[in-house]
Structures are given as C-alpha cells and as structure tokens.
Amino acid sequence: MTFGNQGPILGNTNPYGGSSPINRLVSAFHMLPGIGPRSAQRLAYHVLRSPASEAQELANALLDVKENIILCGSCQNLTIKSPCNLCDDNGRAQDLLCVVEEPLDVVAIERTGDFKGNYHVLHGVIAPRSGVGPEDLKIDELMKRLRSSDNTFKEVILATNPSTEGEATALYLAQLIHSLDLKVTRLARGLPTGSDVEYADIDTLGRALEFRHEI
Amino acid sequence: MSPRAPRVYSTRAIVLGQREFVEAAKVITILTPDVGKQDSVAKGVLKPKSRLAGHLEPGTYCDLELAVAKNLDIIREAQTISRFRASQQNLMQLTTLIYVLELVDKYTVDGTGSDLFEPLLVTLERLDRGINLSAVVHGFELTILEITGFRPSLDQCIHCLSSVDSVKANWSQDGGGIVCERCVSVIPDTSLIEPRVLKVLRAYQSWPYEESARIAIDSNLEAQLSRVMHGLMKAFAERDIKSADLLEEISWRNELSNGRGMS
C-alpha cells in the first residue's frame, strides 16, 4: 500500500474519502473512550505502518475478546471461565468482599497486593443523568450472593469512586446490606501521593483531616 | 507577531454534571449566574494528580476561571466554595441533590437558566441542613416550573379559570393544574387529588419558605406529594427523570425499614 506521499493526515478533515478503509479505522479508534480524533489518527497511522501480522494479531485479539470473555457467575468480573480464578482461589479470605464499579478497579486493587479477599463488580454506578438506575447494575447479583445460605462474608468494603455518583451508590448499597446484619465499610479518602495540599479540594482535605492517623 | 492571549473570565458556578471527553478530559456542565447552563472542558481531570477534578464533582458550588475557546470554553482553575458535605453523607439528601441537579439540567438548554442559579444555590444550602426536605424539594420544583413558564394552576380551574375549593378539585397532570367539577368531562385523564395534598402544594407555591417549612408532613402525605410533583415534572419536561424514580424507591425503602419518611 502506498501511503507516505498522499499528504498529511493531521490537518485535512477527510483526505481519503468518506468510506475509505483509513477513515473507517480512524472512526473505529475514535469510538474508544479517551481517544480523540488526533489520537485516533495516530493509532490508525501506526497500524498502517505495522507489518500485516501485527494488524492480524490486533484483529484476532479484538474478535477473541468479544467471543470468549464472559462474566463470572459469582463476582461478575470479566473472565474466560466461570467461576473465575479469583473466586476459585480458596487461599483468599472468604469473609471479606470488596465491591467495585468496574473490572479495571479489580486490577488496580490487585496491583496493591494488600487485599486478599473476594470481589464483586457492579459494572457502573447509579447515574440518573445518564439514565443508569440501580436495576441496571449487578446489585441483585450482589444481594443474592450475600443472602445465599453459603455466604461466608462478614465484611463488605464499598470501593466505588469518591465521586457524587459513587457516593450515592455506596450509600444505596450500605442501606441494603445493613439489613443483612453485615459490617459495611468504605474506602478511606485522603490526599494522593505527590499531590499538593494547597490545591486539594476542601472535601478531600476535610476528610483527610477527619480520618488522620497517629504516626 | 505574538499570538493573541486567550480571553479569560471568572464566574461562580454550580456543577450540574459531567461526561467523559477525549484523552483525560471531561465535559463539565455548569450553571452560572450570567450565562446559565453551559458545557465547558476540564482537561486532565482523569489523571490522579489533577488540580481540577475534586472541584468539579456534580453538586459542587465553585469559583471558576475559564478561557474562551472556539467551541467549548476551557476551565483553567477551579476552587470549591461549598461541596455541601452533609448532603454527601446521607442517601436521601444526596439522591435529592442529584434530583434537583437533574431537574435543572432537563429544564434548561445551553445559554438559558441563569435565573435558576440563585434558587438552586439556596436549595442546595437548605438541603445540606437536612431538615424540611419536603418543603425544600417541592418548593424548588414549583420555582423551576414558575421560572420556565410552566407554573401549575393550583387555585383556578385550568379550563374555565373559576376558583376551585380543595375538596372538590380534580387533577390534570398534562394540563398542569386543577379542574373543577363542571369541566372534568371536557379535560381528558383527570384524577381526584387529595384536599390536603392540594393545600400543601398551594402553600409551597405561594408562602415564603420559612412559613411553608413549618407544615408538618407525614410520610403518607409526602409520598402523595412526590407522586403528584414527579408526574408533573416529567410531563412538562417531556422525558423521563430517572432520579425521581430512585427518590421514590428510597423513600419507600426508608418507610419499610424505619416506619418514617421525609419530614
């Protein structure tokens, strides 16, 4: 494929025609979250310059993920088998459940190496402005899990984001779970490493002071 | 020739909502006293060390400095004035806060709603105190309807304009008010409205907040008030208001578990 002398990609709105393969690829990348038009163009350009085998590998990986990834019947995380490896691991604390918004939150918490309990993924938060209510999340699955006769959890950690919608979801879940007589805790809030006290918002700073600890 | 410096302006704002944009940026929907509702861009707020992120959560009252841009203005600095922290720690208050923000969002388009700024700010402050929630939220609903030109008719029949006694009133949600006995046959989809519901709504519409907040509201009456007002707000907005359903569910759950509701 000749590509290099057709003029700059950046700057021209549509140098290849509306339905050209390049345009389709740029549009496809642009659909991904966090990818703007320029990043989409850069990625498309990278794919064009890569060997065909790499492009084939990318295409196979995309199809593979859609065909083979399922939700774990227990924790609702993305997995290739149900129950997933984390739920299947008897070495993890069976009395501790951490509720997170998204599968990537499991990855982030696992990276800390500090949590050895189990997870439950909600797949979102209550966000009425975006049309998401409690019925759209994996809350029924969570409650079934906690109400089940073989439930061993004694503490549920609510690890939704410290945003307005994350707080609303945590308070909503806390109300439901309290009725089961289980201990409900929330992730602590404070200043991130490397941040500046001067620029901290009053809510974060207030909570950091409220939950200060002795050293 | 050096490039012209971007025009910068400062404003107070209440954050109505946000959505993800490109890279680590978000589009922040704000309500300001001068422009009303507007979308603006906050760059880098998804990064952990963002200096803006904590100041731009929905329901935050803040000072902003924005740079005029070709499409959406860009938020350069943000400083929280109030986050209404008490409201963030109580499910009913937080859901009500989300509801009033959604109402403002649904009842305005870009560049309108500047006259809703002060009523919204006062409502968020009252909500934060956590008392008289019924008067706070229904008073705000009626204020929005008044300002946006949808003032419901609670004293006169919407058809013949005659005064209607509260014990003989019918309710027309789509007509936006009460219907007298004589006109019921010509107005479709009317239903009876409880006299005490109508009396309280009349008080919320015409009395100052300090007086209407003194009215004792039991949970049964509050459930009826919410049903009438939520139906009216959805009918005039001509779309679903999701947080209204959530609010009703939480009230119902509170009623079941505690035997008490909004007061």
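In the text below, chain A, chain B and the rest are named by the order of the sequence lines, each starting its count at 1. Basis for what follows: all heavy atoms, side chains included, without hydrogens, waters or symmetry-related copies.
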Are A:Tyr172 and B:Glu249 close enough, and set up right, to give a side chain to side chain donor-acceptor pair (under 3.5 Å), and what steps lead you there?
-> CA-CA 11 Å; A:Tyr172 181 87; B:Glu249 185 200 323; 2.3 Å; yes
Who among A:Gly36, A:Ser130, A:Pro128 has the most heavy-atom pairs with chain B under 4.5 Å?
-> A:Pro128
Side chain, backbone, both or neither of A:Glu198 within contact of chain B (heavy atoms, under 4.5 Å) | neither
Return a table of donor-acceptor pairs under 3.5 angstrom between the side chains of residues 117-124 of chain A and protein atoms on other chains or two or more places apart.
from     : atom 1 : to       : atom 2 : distance (Å)
A:Asn118 : ND2    : A:Ala93  : O      : 3.0
A:Tyr119 : OH     : A:Glu110 : OE2    : 2.6
A:His120 : ND1    : A:Arg145 : NH1    : 3.2
A:His120 : NE2    : A:Lys138 : O      : 2.9
A:His123 : NE2    : A:Gln76  : O      : 2.5

Just give me the residue among A:Gly133, A:Ala170, A:Gly131, A:Ala200 that pairs up with chain B most often, heavy atom to heavy atom, under 4.5 Å.
-> A:Gly131
Residues 101-116 of chain B vs chain A, non-hydrogen distance cutoff under 4.5 Å, contacting residues -> B:Glu102, B:Asp105
What do the steps show when you test B:Arg253 against A:Ser179 for side chain to side chain donor-acceptor pair (under 3.5 Å), and what is the final call?
-> CA-CA 11 Å; B:Arg253 212 184 287 282; A:Ser179 66; over 6 Å; no
Does any donor atom in the side chain of B:Asn254 or A:Gln175 lie under 3.5 Å from an acceptor atom in the other side chain?
-> yes
Whatever's closer than 4.5 Å to a heavy atom in chain B on A:Ala174 counts as neither
Under 4.5 Å to a heavy atom of chain B? For A:Ser163 that would be both
So what's closer than 4.5 Å to chain B heavy atoms on A:Arg189: side chain, backbone, both or neither?
-> side chain
Before accepting this row, confirm whether a basic side-chain N of the pair B:Arg85/A:Glu210 lies closer than 4.0 Å to the acidic partner's carboxylate O.
-> yes
Heavy-atom proximity to chain B below 4.5 Å, by part of A:Leu191 | neither
